[in-house]
Amino acid sequence: MEAELQSLVQQAEAGQDSISTWPELADFKAGFVGPNGSLTAASKGIAKLPNEEKPVFGKKINEVKQRLEKVFESIRERIEATELADKLGPAVDPTLPVTDTEQGTEHPLTQVRDRIVGIFRKIGFTVVEGPELETEFFCFDALNTPASHPARDMQDTYFLPDDFKLKGEKRREDESFILRPHTSAVQIRTMTKRKPPVRILSPGRCFRRDTVDATHSANFHQVEGLYVDSDVTIRDLKALLDHFVRELFGSDAKTRFRPSFFPFTEPSFEMDVQTSKLRKLSGKWIEIMGCGMVDPNVFGHVGYDPDEVSGYAFGMGIERIAMILHGIDDIRHFYQNDLRFLQQFTGD
Ligand code: PHE
């Protein structure tokens, strides 16, 4: 009897490899534990045994049943694994990159910023960054724009409450912390720390109290430049900017300087560019930046001697340059994160 039970286990173990589908498994199981199965039949024999042998035999039957269950379970796992592998297709390498997620690209403003910065870096400008949260001193006073000066309106911005404190930054009693309206503040910070010659570029985010419309945003980006040395002239400034626009817009691009006013430059100009390369704007003069010769009063604020040094400065909005280059008609597109817009800038 015992040998018979033992042989059931051997039969199951020997036969399991030939089972590869669910119906086959069902038949296989039925052959042992179904109503007409061999184990079922063997266990009926218990009735004929003397009472004292019944518990031992019952235990044996249970052991065999458990061993058979193990065989059935391993067949089940194998069938499931095969089914899953069929669904997944050929061998899966989980270390490969996923194929169905889209790859992001640099934001068009980042691309244009890098292009602008790249042109100036090639000719010796160093990039310097500064804080977005500034004091009035760095944004206005040191730039020859005292509190009473009407030119502050041009760059009106957001003021923090009087009791606002910033670790590591000091402010005078009579000035406030503000969100910087231009990156010219970085130029002051740099000049207070370094001796001339200074040749820097300061890209970064700026803020102004502007009502948002197609061409204004309260939050925008600038690149400003500064060069201070002995004997820097307007001619140097013009030559630099001519080179810049030809690199950015194409070799036929021309510049035009119109007189303007900024408190920190004297004389000051608005610079226009004309090029045939831009479809809609072809042949038109387009204003792209403010510039001028650094006002001697600014040098006074940073401890430079205006009799010894001279310099030029310029500043432009990255959004504006990007809009001109790509023919974009509304500044708000840059901040809406609409993929239909962003996906048009997948390679520059
Ligand atoms: N800071 C000026 C602005 O934000 C731009 C500028 C920079 C003009 C340097 C002249 C010289 O409008």
Side-chain angles (χ1 to χ4, degrees), residues 109 113 116-117 120 125 127-132 134-146 149-158 178-191 198-210 215-229 232-234 236-241 244-245 255-273 286-299 301-302 304 306 309-321 323 331:
L109 291 178
R113 180 201 64 192
I116 295 171
V117 168
F120 286 105
F125 281 79
V127 172
V128 185
E129 289 182 314
E132 291 171 8
E134 268 290 3
T135 61
E136 282 180 82
F137 174 77
F138 286 108
C139 294
F140 293 120
D141 302 78
L143 286 156
N144 203 29
T145 323
H149 201 295
R152 281 206 179 195
D153 284 352
M154 284 203 294
Q155 280 126 354
D156 197 10
T157 182
Y158 300 93
I178 58 176
L179 297 183
R180 66 179 179 192
H182 50 189
T183 59
S184 309
V186 180
Q187 308 179 358
I188 299 298
R189 283 181 177 272
T190 307
M191 286 192 283
V198 164
R199 199 198 309 258
I200 57 157
L201 206 62
S202 50
R205 179 195 296 238
C206 304
F207 307 83
R208 281 195 203 171
R209 242 194 94 216
D210 268 334
T215 52
H216 294 86
S217 168
N219 169 358
F220 63 102
H221 301 79
Q222 271 194 337
V223 175
E224 293 212 349
L226 171 75
Y227 175 43
V228 181
D229 206 338
V232 179
T233 67
I234 295 183
D236 298 320
L237 173 62
K238 181 98 165 65
L240 172 89
L241 295 178
F244 168 66
V245 299
T255 59
R256 177 173 81 176
F257 279 36
R258 279 181 293 107
S260 183
F261 175 79
F262 296 101
F264 31 88
T265 45
E266 181 59 35
S268 304
F269 310 97
E270 297 286 352
M271 194 189 79
D272 302 337
V273 64
I286 320 152
E287 180 189 319
I288 64 162
M289 68 166 87
C291 58
M293 301 307 291
V294 179
D295 192 301
N297 288 343
V298 173
F299 289 139
H301 280 293
V302 296
Y304 285 6
V309 293
S310 50
Y312 59 64
F314 54 90
M316 69 195 103
I318 300 178
E319 280 81 348
R320 182 160 172 77
I321 302 284
M323 287 168 81
I331 198 169

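Both counts, for ligands and for their atoms, begin at 1 and track the order of listing.
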I need the atoms of ligand 1 closer than 4.0 Å to a non-hydrogen atom of [X], numbered in the order shown.
{"X": "Q222", "value": "3 (C), 4 (O)"}
{"X": "C291", "value": "8 (C), 10 (C), 11 (C)"}
{"X": "S184", "value": "1 (N)"}
{"X": "F314", "value": "7 (C), 9 (C), 11 (C)"}

E134 meets the salt bridge (charged side-chain N to carboxylate O under 4.0 Å, His left out) criterion, sequence neighbours left out, with R189
Is it the side chain, the backbone, both or neither of E224 that has a heavy atom closer than 4.0 Å to ligand 1?
side chain
Between F125 and F244, does the ring centre distance come in under 6.0 Å?
no
Under 4.0 Å, counting heavy atoms only: does [X] come that close to any atom of ligand 1?
{"X": "Q155", "answer": "yes"}
{"X": "R208", "answer": "yes"}
{"X": "F264", "answer": "yes"}

Please determine whether a side-chain nitrogen of the Lys or Arg among D141 and R152 lies less than 4.0 Å from a carboxylate oxygen of the Asp or Glu.
yes
Would one find more than 12 heavy atoms of other residues, nucleotides or ligands at under 6.0 Å from atom CZ of R258?
yes
Which residue in the set R320, E319, R113 passes side-chain hydrogen bond (donor to acceptor under 3.5 Å, both in side chains) when paired with H221?
E319
Residues in side-chain contact (heavy atoms from CB on, under 4.5 Å) contact with R208, at least two apart in sequence or another chain
Q155, P181, H182, D210, F220, Q222
